[in-house]
**Q** 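Below: one structure in structure tokens.
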Amino acid sequence: MSTTVAQVLELYELPMNELMARAATTHRENFPEGDIELATLLSIKTGGCPEDCGYCPQAARYHTDVKATKMLDVEEVLEAARAAKEAGSNRFCMGAAWREPKDHDIEKVVAMIKGVKDLGLETCATLGMLAPEQAKALGDAGLDFYNHNLDTSEDFYASVIKTRDYQDRLDTLKSVRSAGMSVCCGGIIGMGETRAQRAAFIAKLANLDPYPESVPINHLVPVPGTPLADQKGVDPLEFVRTIAIARITMPTARVRLSAGRQELGRAIQAMCFMAGANSIFYGDKLLTTNNPEADADRELLADLGLKTKAASRAEVLV
Ligand code: SAM
Ligand code: DTB
Ligand code: SF4
């Protein structure tokens, strides 16, 4: 059954207590364990990207502190993956600042995927747009998830990104599905979109058939030098509402509290977990910007009495 934008807007307009109660009930019904998934990010190719995404510090055309580097070697990636595994992470996500990978890039990423899988971690990659054959090569290598965000509503998209369009994103998502991989797809809140545009974005995600298994909800990290550097973001309660609505409209997805957690603070993050967020990016760095220290996250989860995804890993939190 499809979710309409009007239905999502009605959820936004519910009294906060009512919305939180509905989201918490949906969460309990679908995730009785109530555990939190930990995903660690690594930038395997940083900066120098030809795209013009208005939020992104890695776009070559903006003057940010990010320095372009060449792609990491397989062994450097595996070293970071071993450290992530040691710290208790469930999933290792490799990100590249590309519009789309070249075929020889795919060969190298395939070696990384195989090595990371051998360590017993779930694998995810986010490399930009994929041709169907490239998606197939990644799927054949055993890649578990591909991250490709819709980022916002279709009508707001062109205000933020002009070098590709919404349909390009949808086409890549289709190739990822056809190659048999699970989809990680979400977006960014606080780029200047209206509530109606946030509602349209959530409805679009919920109406993907099937909806994504992983839904990263980022709060904009305003980076100096990017066009959105001075963007004010949203009221934190509006962010919590968005998490709750993602949970209600995509009941079985892992909803990931993603970029922007440092600015949200402990109390708002706790509300997000109550609203049904059940995944975080774990590790001191996202791709180029800072994330809460792993120690601080372990402390937050322990203070909230939240377990991490694999029971055997709960001990890392105490
Ligand atoms: N280049 C690939 C692409 O665009 O799909 C993969 C990497 S890109 C950095 C992955 C995602 O990071 C973007 O879709 C966006 O949602 C998120 N992101 C980038 N910069 C951000 C920022 N300043 N604040 C919040 N999220 C951000
Ligand atoms: C996602 O939705 N958020 C992550 C991951 N998918 C690749 C990236 C966040 C990037 C934040 C800005 C930076 O660190 O460069
Ligand atoms: Fe490039 Fe991805 Fe950043 Fe856009 S979000 S500029 S495609 S790295």
Side-chain angles (χ1 to χ4, degrees), residues 39-62 64-69 71 91-101 105 109 123-130 145-152 156-157 160-166 168-173 175-176 183-193 201 205 212 214-231 233-234 239 246 253-264 277 279-292:
T40 298
L41 278 169
L42 178 69
S43 180
I44 61 166
K45 158 70 184 90
T46 305
C49 183
E51 299 282 83
D52 73 346
C53 312
Y55 46 77
C56 188
Q58 304 200 66
R61 67 190 70 205
Y62 307 137
T64 68
D65 285 345
V66 172
K67 291 196 181 29
T69 61
M71 194 177 183
R91 187 178 303 172
F92 192 70
C93 178
M94 295 160 270
W98 290 321
R99 172 181 166 82
E100 66 233 317
D105 297 324
V109 175
T123 50
C124 179
T126 182
L127 316 170
M129 293 188 267
L130 294 181
F145 288 80
Y146 194 76
N147 165 252
H148 201 63
N149 289 342
L150 289 180
D151 276 322
T152 189
F156 190 64
Y157 200 79
V160 182
I161 301 157
K162 293 193 169 51
T163 49
R164 56 170 189 264
D165 59 33
Y166 217 62
D168 293 327
R169 299 303 270 186
L170 294 167
D171 291 347
T172 291
L173 292 172
S175 301
V176 170
V183 168
C184 172
C185 180
I188 310 180
I189 303 302
M191 298 194 288
E193 74 285 349
F201 156 62
L205 289 177
S214 279
V215 179
I217 304 289
N218 299 273
H219 188 285
L220 174 72
V221 179
V223 180
T226 63
L228 294 182
D230 299 321
Q231 186 60 47
V234 292
F239 187 80
R254 282 270 169 190
V255 175
R256 186 173 310 119
L257 188 50
S258 302
R261 284 198 298 121
Q262 272 193 321
E263 292 73 17
L264 293 177
S279 177
I280 56 171
F281 282 126
Y282 174 66
D284 308 349
K285 212 164 173 205
L286 291 162
L287 291 173
T288 65
T289 64
N290 291 334
N291 198 38

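Every number for a ligand or one of its atoms is a count from 1 in the order of the listing. Residue numbers count from 1 along this sequence.
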**Q** Output the distance between atom CG (Leu205) and atom CD1 (Ile217), rounded to the nearest 0.5 Å.
**A**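 Atom-to-atom, Leu205:CG and Ile217:CD1 are 6.5 Å apart.
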
**Q** Below a 4.0 angstrom heavy-atom separation, can you tell me which part of Asn149, side chain or backbone, both or neither, approaches ligand 2?
**A**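 Side chain only.
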
**Q** Is it true that Gly128 lies under 4.0 Å from ligand 1, counting heavy atoms only?
**A**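 Yes; Gly128 lies near enough to ligand 1 that a heavy-atom distance drops under 4.0 Å.
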
**Q** Using distance alone, decide if ligand 2 has a nitrogen or oxygen within less than 3.5 Å of any nitrogen or oxygen in Thr288.
**A**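 Yes.
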
**Q** Could you walk me through whether Thr172 and Arg164 pass the side chain to side chain contact (heavy atoms under 4.5 Å, CB included) check?
**A** CA-CA 12 Å; Thr172 291; Arg164 56 170 189 264; over 6 Å; no

**Q** Pull out every atom of ligand 2 sitting under 4.0 Å from any heavy atom of Leu286, numbered as shown with elements.
**A**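 The list of qualifying atoms is 14 (O).
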
**Q** Starting from the C-alpha separation in whole Å, work towards a yes-or-no answer on side chain to side chain contact (heavy atoms under 4.5 Å, CB included) for Thr289 and Val223.
**A** CA-CA 9 Å; Thr289 64; Val223 180; 4.1 Å; yes

**Q** Below the 3.5 angstrom mark, is there an N/O of Thr126, backbone or side chain, next to an N/O of ligand 2?
**A**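 Between Thr126 and ligand 2 (N or O atoms, distance only) the closest approach is not under 3.5 Å.
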
**Q** Which option out of Thr289, Asp151, Thr126, Ile161 puts a heavy atom nearest to atom 15 (C) of ligand 1?
**A**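 Answer by nearest heavy atom: Asp151.
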
**Q** What protein heavy atom is closest to atom 8 (S) of ligand 1, reported as residue, atom name and distance in Å?
**A**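 Protein heavy atom with the smallest distance to atom 8 (S) of ligand 1: Leu287 CD1, 4.6 Å.
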
**Q** Does Tyr55 reach ligand 2, in the sense of a heavy atom lying below 4.0 Å from it?
**A**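 Tyr55: no contact with ligand 2 (<4.0 Å).
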
**Q** Once rounded to the nearest 0.5 Å, what's the spacing between atom CZ of Phe145 and atom SG of Cys93?
**A**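 The SG atom of Cys93 is 10.5 Å from CZ of Phe145, to the nearest 0.5 Å.
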
**Q** Return yes or no for this condition: an N or O of Gln58 is under 3.5 Å from an N or O of ligand 1.
**A**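 No; the residue has no nitrogen or oxygen that sits under 3.5 Å from a nitrogen or oxygen of the ligand.
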
**Q** May I ask you to identify the nearest protein heavy atom to atom 26 (N) of ligand 1, giving residue, atom name and distance to one decimal place in Å?
**A**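 Protein heavy atom with the smallest distance to atom 26 (N) of ligand 1: Ile188 CD1, 3.5 Å.
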
**Q** Starting from atom 12 (C) of ligand 2, find the nearest protein heavy-atom neighbour and note its residue, name and distance.
**A**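 Atom 12 (C) of ligand 2 sits closest to the protein heavy atom Thr289 OG1, 3.6 Å.
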
**Q** Would you check whether Ser258 has a nitrogen or oxygen atom less than 3.5 angstrom from a nitrogen or oxygen atom of ligand 2?
**A**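 Checking ligand 2 against Ser258, no N or O pair falls under 3.5 Å apart.
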
**Q** Distance under 4.0 Å to a non-hydrogen atom of Pro216: what atoms of ligand 2 satisfy this?
**A**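 Matching atoms, with element in brackets: 2 (O).
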
**Q** What is the distance from atom CG of Leu130 to atom CD of Glu100, rounded to the nearest 0.5 Å?
**A**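 Rounded to the nearest 0.5 Å, the CG-CD separation comes to 9.5 Å.
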
**Q** Could you identify the single nearest non-hydrogen protein atom to atom 4 (C) of ligand 2 and state the distance to 0.1 Å?
**A**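 I find the closest protein heavy atom is Phe281 CE1, 3.6 Å.
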
**Q** Report the part of Asn218 in contact with ligand 2, treating N, CA, C, O as backbone and CB onward as side chain, heavy atoms under 4.0 Å; options are side chain, backbone, both, neither.
**A**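 Within the 4.0 Å criterion, Asn218 contacts ligand 2 through side-chain atoms alone.
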
**Q** Counting only heavy atoms not in Asp65, do more than 12 fall under 6.0 Å of its CG?
**A**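 Check fails, neighbour count at 12 or below.
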
**Q** May I ask whether Arg169 places a heavy atom under 4.0 Å from ligand 1?
**A**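 So Arg169 counts as touching ligand 1.
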
**Q** Decide side chain to side chain contact (heavy atoms under 4.5 Å, CB included) for Leu264 and Leu257; before the verdict, give the C-alpha distance in whole Å, the side-chain angles of both, and the deciding distance to 0.1 Å.
**A** CA-CA 10 Å; Leu264 293 177; Leu257 188 50; 4.1 Å; yes

**Q** Can you tell which of Met129, Met71, Gln58 makes a side-chain contact (heavy atoms from CB on, under 4.5 Å) with Trp98?
**A**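 When side-chain contact (heavy atoms from CB on, under 4.5 Å) is applied between Trp98 and each of Met129, Met71, Gln58, only Met71 qualifies.
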
**Q** Which of the numbered atoms in ligand 1 are below 4.0 angstrom from a heavy atom of His219?
**A**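 Within the 4.0 Å cut-off of His219, ligand 1 contributes 25 (C).
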
**Q** Mind listing the closest non-hydrogen atom pair of Ala97 and Gly47 along with its distance?
**A**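 Nearest pair, atom of Ala97 first, then Gly47: CB-N, 3.6 Å.
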
**Q** Any N/O/S atom of Cys49 sitting less than 2.8 Å from atom 1 (Fe) of ligand 3, backbone or side chain?
**A**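 Checking atom 1 (Fe) of ligand 3 against Cys49, an N, O or S atom does fall under 2.8 Å.
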
**Q** List ligand 2 atoms under 4.0 Å from Leu41, heavy atoms only on the residue side.
**A**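 In order of numbering, the contacting atoms are 4 (C), 5 (C), 7 (C).
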
**Q** Can you list the atoms of ligand 3 that are under 4.0 Å from a heavy atom of Ala97?
**A**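 Selected atoms, number and element: 8 (S).
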
**Q** Which atoms of ligand 3 are found less than 4.0 Å from any heavy atom of Glu51?
**A**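 Numbered from 1, ligand 3 contributes 1 (Fe), 4 (Fe), 6 (S), 7 (S).
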
**Q** Pair Ser279, Arg91 - check side chain to side chain donor-acceptor pair (under 3.5 Å), show working.
**A** CA-CA 10 Å; Ser279 177; Arg91 187 178 303 172; over 6 Å; no

**Q** Identify the heavy atoms of Leu127 and Tyr146 that sit nearest to each other, and give their distance.
**A**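 Looks like N-OH, 2.8 Å.
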
**Q** Does the protein place any heavy atom closer than 4.0 Å to atom 7 (S) of ligand 3?
**A**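 Looking at atom 7 (S) of ligand 3, one finds that a protein heavy atom does lie closer than 4.0 Å.
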
**Q** List the closest protein heavy-atom neighbour of atom 24 (N) of ligand 1: residue, atom name, distance to the nearest 0.1 Å.
**A**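 Checking every protein heavy atom, the shortest distance to atom 24 (N) of ligand 1 gives Val221 N, 3.0 Å.
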
**Q** Taking the side chain as every heavy atom from C-beta outward, state whether Gln262 and Pro292 have any pair of such atoms under 4.5 Å apart.
**A**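 Heavy-atom side-chain distance check passes, below 4.5 Å.
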
**Q** Does ligand 1 have an atom under 4.0 Å from some heavy atom of Arg99?
**A**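 Checking ligand 1 against Arg99, which is what was asked, there is no heavy-atom contact under 4.0 Å.
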
**Q** Identify the heavy atoms of Pro50 and Arg99 that sit nearest to each other, and give their distance.
**A**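 Smallest interatomic distance, heavy atoms only, reads CG-CB, 4.0 Å.
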
**Q** Nearest heavy-atom pair of Asn149 and Pro216: which atoms, and what distance?
**A**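 Between these two residues, the closest heavy atoms are OD1-CG, 3.7 Å.
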
**Q** At a 4.0 Å threshold, what atoms of ligand 2 neighbour a non-hydrogen atom of Asn147?
**A**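 Selected atoms, number and element: 6 (N), 7 (C).
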
**Q** Got an N/O contact under 3.5 Å between Leu287 and ligand 2?
**A**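 It does: an N or O of Leu287 is found under 3.5 Å from an N or O of ligand 2.
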
**Q** I'd like to check which ligand 3 atoms, numbered from 1 as shown, lie under 4.0 Å from a non-hydrogen atom of Tyr55.
**A**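 What qualifies from ligand 3 is 5 (S).
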
**Q** Pick one of side chain, backbone, both or neither for how Arg164 approaches ligand 3, counting any non-hydrogen atom pair under 4.0 Å.
**A**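 Within the 4.0 Å criterion, Arg164 contacts ligand 3 through side-chain atoms alone.
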
**Q** Under 4.0 Å from atom 12 (O) of ligand 1, is there any protein heavy atom?
**A**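 Under 4.0 Å from atom 12 (O) of ligand 1, zero protein heavy atoms found.
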
**Q** Rounded to the nearest 0.5 Å, what's the gap from CE on Met94 to OG on Ser43? Could you check?
**A**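 So the CE of Met94 and the OG of Ser43 are separated by 12.0 Å.
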
**Q** Step by step, would you call Leu150 with Leu173 a side chain to side chain contact (heavy atoms under 4.5 Å, CB included)?
**A** CA-CA 9 Å; Leu150 289 180; Leu173 292 172; 4.0 Å; yes

**Q** Under 4.0 Å from any heavy atom of Pro57, which atoms of ligand 2 are there?
**A**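 This gives 15 (O) as the contact atoms.
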
**Q** Of Asn218, Thr152, Thr226, Asp151, which is the lone residue that meets side-chain hydrogen bond (donor to acceptor under 3.5 Å, both in side chains) with Tyr55?
**A**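 Filter result, single survivor: Asp151.
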
**Q** What closest approach, in Å, do Met191 and Phe156 show between heavy atoms, and which atom pair accounts for it?
**A**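 It is O-CZ, 3.4 Å.
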
**Q** Check whether any N or O atom of Ala96, backbone or side chain, sits under 3.5 Å from an N or O atom of ligand 1, and answer yes or no.
**A**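 Yes: some nitrogen or oxygen of Ala96 is under 3.5 Å from one in ligand 1.
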
**Q** Restricting to non-hydrogen atoms, name the atom on Ser258 and the atom on Arg256 that form the minimum distance, rounded to 0.1 Å.
**A**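 In this case the closest contact between Ser258 and Arg256 is OG-O, 2.9 Å.
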
**Q** Can you tell which of Gly95, Cys56, Pro50 gets a heavy atom nearest to atom 3 (Fe) of ligand 3?
**A**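 It is Cys56 that holds the nearest heavy atom.
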
**Q** Tell me which protein heavy atom sits closest to atom 4 (Fe) of ligand 3, plus the residue, atom name and distance to 0.1 Å.
**A**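 That would be Cys53 SG, 2.3 Å.
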
**Q** Looking only at protein heavy atoms, which one is nearest to atom 21 (C) of ligand 1, and how far off is it?
**A**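 It is Tyr55 CD1, 3.7 Å.
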
